[in-house]
There are 2 protein chains.
Amino acid sequence: MTERKLAILQIAQRLFMEKGYTATSVRDIAKSAGVEPASLYSHINGKEELLDRTCFEMAEKFLTGIEEVNDIYFDAAQKLKMAVDTHVNILTNHIEAAVVFQRDWRHLNEVRRSEFIELRNAYEDGFRVIVQNGIDEGIFSDVDVKFAALTILSSLNWIVEWYDPNGKLSASEIAANLFNFTFTGLKK
Amino acid sequence: MTERKLAILQIAQRLFMEKGYTATSVRDIAKSAGVEPASLYSHINGKEELLDRTCFEMAEKFLTGIEEVNDIYFDAAQKLKMAVDTHVNILTNHIEAAVVFQRDWRHLNEVRRSEFIELRNAYEDGFRVIVQNGIDEGIFSDVDVKFAALTILSSLNWIVEWYDPNGKLSASEIAANLFNFTFTGLKK
DNA sequence: TGTCATAACGAACATTCGTTAGGCAAAAAT
DNA sequence: ATTTTTGCCTAACGAATGTTCGTTATGACA
């Protein structure tokens with residue numbers, strides 16, 4: 001990906017975050033890039049490519065993260081800590097892309113949307129594995145695994161709605177708080 | 001509000017839920033209502049009215065709920081239980097409107113968006129009061145109040161992303177699970 | 001010097017957008 | 001029985017949508 005193309009992608013992500021994918025026009029993006037609308041098409045295939053790249057690049061980051069955690073660590077408490085940490089880090093380090101990833105994946109075309117949902121399910125599965133591990137190890141209480149994983153992910157995902165890079169809580173503080181909260185909610 | 005107007009509003013809410021406010025056209029709504037686009041304007045002032053009503057009617061429901069809880073109950077644990085219960089009930093009983101309320105309030109016009117955010121803050125404040133009560137009563141551990149309230153609300157709000165009226169978990173089971181999880185995460 | 005790739009341009013494309021105007025038939029109110 | 005209201009219609013509006021077109025200036029490389 002060219003430097004210029006990357007710059008355009010980032011501009012688009014910022015606008016998508018601010019106004020949403022559908023409400024952001026190609027002309028908006030062009031204006032922010034200081035270029036005529038038609039000129040964008042020297043770099044991209046179309047508006048949807050910008051959404052597609054954003055969603056799938058983020059999905060890959062998340063998925064790689066959870067796979068590493070489940071590969072490397074053994075103890076469920078450690079795994080949970082690392083998974084939360086990784087999630088919060090990816091999210092806060094790419095906040096614009098993360099917001100788009102969370103909110104606008106619905107506007108992918110049918111085929112890509114299906115693929116996206118599969119990746120998302122795989123990621124959720126990674127968290128279910130952790131919860132199940134904890135139960136098997138006897139350190140988590142015997143909760144509904146699916147529900148617990150979903151609730152943890154709720155807290156993690158909602159961060160995009162309030163995270164402020166200049167706010168008083170740093171990414172690692174947020175991660176620590178969230179691990180503490182979810183772990184206490186789970187442990188026996 | 002006329003019967004017909006209410007029907008149109010509900011049709012719009014279903015479509016807004018499925019495709020998002022911006023991606024739903026007046027023609028889509030008209031088609032679903034079995035009517036020509038122009039005919040809708042006998043009943044509504046414009047597309048935005050449908051979004052506006054949805055957002056503010058839901059906001060009022062939530063706000064009334066939390067105010068009642070904080071008025072009636074005394075003990076923080078009871079309050080939390082009732083607040084979670086009320087939230088889950090409003091949400092599951094009006095799932096289409098709830099989804100729109102969650103996702104599309106950003107597309108309100110500037111003035112109404114500000115008003116909406118104020119209501120939302122007031123609601124969050126209601127939860128902060130509960131957490132603070134619990135700390136003062138000595139039954140909750142000494143957490144960051146703002147952060148805790150936000151995390152609880154994350155779990156509650158994320159329900160709209162996965163709730164299935166025909167799923168295996170009923171609204172009251174969801175509420176019970178969520179209270180259990182958040183309460184355990186908070187208590188000393 | 002001639003050839004090619006890059007990145008931009010202005011103009012235009014067909015389509016869709018939310019909305020308005022004006023009329024017409026049936027139902028409700030007087 | 002006459003008037004008014006209701007609910008819908010067809011037709012059209014101006015604006016905005018994503019995208020394609022042919023062209024051009026620039027600069028690297030042969």
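So that the names make sense, note that chain A is the first sequence line, chain B the second, and so on, each numbered from 1.
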**Q** Out of D/dG7, D/dT20, D/dT10, which has the shortest distance to the side chain of B/E36?
**A**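 Comparing D/dG7, D/dT20, D/dT10 against the side chain of B/E36, the answer is D/dT10.
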
**Q** Under 4.0 Å between a side-chain N or O of B/H43 and OP1 or OP2 of D/dT6?
**A** no

**Q** Taking the side chain of A/T2 as its heavy atoms from C-beta onward, which of C/dA7, D/dC9, C/dA11 lies nearest to it?
**A**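 The listed nucleotide nearest to A/T2's side chain is C/dA7.
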
**Q** Is A/K79 positioned over the aromatic face of A/Y73, cation under 6.0 angstrom from the ring centre and no more than 45 degrees off axis?
**A**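 No, A/K79 does not sit over the ring of A/Y73.
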
**Q** Which of the following nucleotides, D/dT19, D/dC9, C/dT19, is nearest to the side chain of B/K47?
**A** C/dT19

**Q** Taking the side chain of A/Y41 as its heavy atoms from C-beta onward, which of C/dT20, D/dT19, C/dA7 lies nearest to it?
**A** D/dT19

**Q** The side chain of A/S39 is closest to which nucleotide in this list: D/dA12, C/dA11, C/dA8?
**A** C/dA8

**Q** Could you tell me which non-hydrogen atom of A/L91 sits nearest to which non-hydrogen atom of A/A98, and how far apart they are?
**A**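 Closest pair (atom of A/L91, atom of A/A98, distance): O-CB, 3.9 Å.
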
**Q** Can you check the A/E3 CD to C/dT6 C1' distance for me, whole Å?
**A** 14 Å

**Q** With a 3.5 Å cut-off and just heavy-atom distances, do the side chain of B/R27 and the base of C/dG18 make a donor-acceptor pair?
**A** yes

**Q** What residue among B/K47, B/R112, B/R113 forms salt bridge (Lys or Arg N to Asp or Glu O under 4.0 Å) with B/D52?
**A**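 The residue from B/K47, B/R112, B/R113 that satisfies salt bridge (Lys or Arg N to Asp or Glu O under 4.0 Å) with B/D52 turns out to be B/R112.
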
**Q** Over 60° means perpendicular and under 30° means parallel, so tell me whether A/Y123 and A/F127 are parallel, tilted or perpendicular.
**A**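 Perpendicular.
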
**Q** At less than 3.5 Å, do the side-chain atoms of A/S25 and the base atoms of D/dA16 form a donor-acceptor pair?
**A**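 No.
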
